[in-house]
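Below you'll find the structure, written out as C-alpha cells, and then a few comments.
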Amino acid sequence: QVQLVESGGAEVQAGDSLRLSCTASGQTLTSYHMAWFRQAPGMERTFVASITRNGAATNYADSVKGRFTISRSNIKNAMYLQMNSLKPDDTAVYYCAAKTILTAQYATWGQGTQVTVSS
C-alpha cells in the first residue's frame, strides 16, 4: 500500500496563496488517481479536487473552481494543490488521497495538514 504525507499548511490572511504538497512512498504514484479533500471545524470531510494518473483530467468542487489548481509530478512521486485567493471558508484540515483505476472509492489517506485563513 502506498503511504501519503501532506505538507505546506499554514495560517494566512484572506487573499493570500498557499501550495500544499503530498509526497508518496512505498510505491510509485503512476497507477493512482489522486485527490484532495478537506474537513472544516465541526463539518464533514468534503471533496476539493482530483487528478487522473497521467494528469490529463482534473475535477474541482464548485467552491474552489478558478482559485485552486491540482497538479502532479510522477517523476517526483508527488501531488500539489495551488490555492489562490484564499477565503476564511477555506479553513480546514486538507487531506491527500489515492485510488487505483480499478477502485471506485479513495481508500488511502494522508494524515492531513492544517490551513487557516484569517479575515
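Since the model is a prediction, treat every value here as computed from it, not as a measurement. Just so it is clear, the values below take in all heavy atoms, side chains as well, and ignore hydrogens, waters and symmetry mates. For the single chain, residues carry numbers from 1 onward in sequence order.
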Next item on the list: Consider only side-chain heavy atoms of I, L, V, M, F, W and Y, link residues closer than 4.5 Å, and tell whether I51 and V2 are in one cluster.
Entry: yes
Check: Looking at V48, N59, V64, T58, which hits side chain to side chain contact (heavy atoms under 4.5 Å, CB included) with I70?
Finding: T58
Next item on the list: Would you mind reporting whether M79 and L20 have side-chain heavy atoms less than 4.5 Å apart?
Entry: no
Note to self: Can you give me the closest heavy-atom contact between G55 and R72, atom names plus distance?
What the structure shows: N-CD, 4.0 Å
Next item on the list: Determine, stepwise, if the pair R67 / M83 fulfils side chain to side chain contact (heavy atoms under 4.5 Å, CB included).
Entry: CA-CA 6 Å; R67 299 189 298 119; M83 305 185 295; over 6 Å; no
Next item on the list: Hey, could you give me the CG/CD1 distance between L29 and I75, rounded to the nearest 0.5 Å?
Entry: 11.5 Å
Notebook entry, point to check: Given the rule that I, L, V, M, F, W and Y join up when any side-chain heavy atoms are under 4.5 Å apart, are Y32 and Y80 in one cluster?
Noted result: no
Check: Can you check whether C96's main-chain N or O pairs, donor with acceptor, with E6's side chain at less than 3.5 Å?
Finding: yes
Margin query: Between F68 and W36, is the ring centroid distance below 6.0 Å?
Written below: no
Item checked: Side-chain ion pair, K87 and D90, N-O less than 4.0 Å -> no
Check: If you measure from CH2 on W109 to SG on C22, what distance do you get to the nearest 0.5 Å?
Finding: 11.0 Å
Margin query: Is it true that, when you exclude R53 itself, more than 12 heavy atoms of the residues, nucleotides or ligands shown sit nearer than 6.0 Å to its CZ?
Written below: no
Notebook entry, point to check: side-chain hydrogen bond (donor to acceptor under 3.5 Å, both in side chains): which pairs involve residues 15-26, sequence neighbours left out?
Noted result: S17-N84
Margin query: Let me check something: do L86 and F37 share a hydrophobic cluster, defined by ILVMFWY side-chain heavy atoms less than 4.5 Å apart, either directly or through other members?
Written below: no
Notebook entry, point to check: Checking T91 side chain against V117 main chain: does a donor-acceptor pair fall under 3.5 Å?
Noted result: yes
Check: Would you find a donor on one side and an acceptor on the other, under 3.5 Å apart, between the side chain of R45 and the backbone of V93?
Finding: no
Next item on the list: Could you note down all residue pairs passing side-chain hydrogen bond (donor to acceptor under 3.5 Å, both in side chains) where residues 93-106 supplies at least one of them, sequence neighbours left out?
Entry: R38-Y94, T100-T103
Margin query: Between N74 and S31 (side chain of the first, backbone of the second, donor and acceptor by atom type, cut-off under 3.5 Å), is there such a pair?
Written below: no
Check: CG/L18 to OG1/T113 distance, rounded to the nearest 0.5 angstrom?
Finding: 9.0 Å
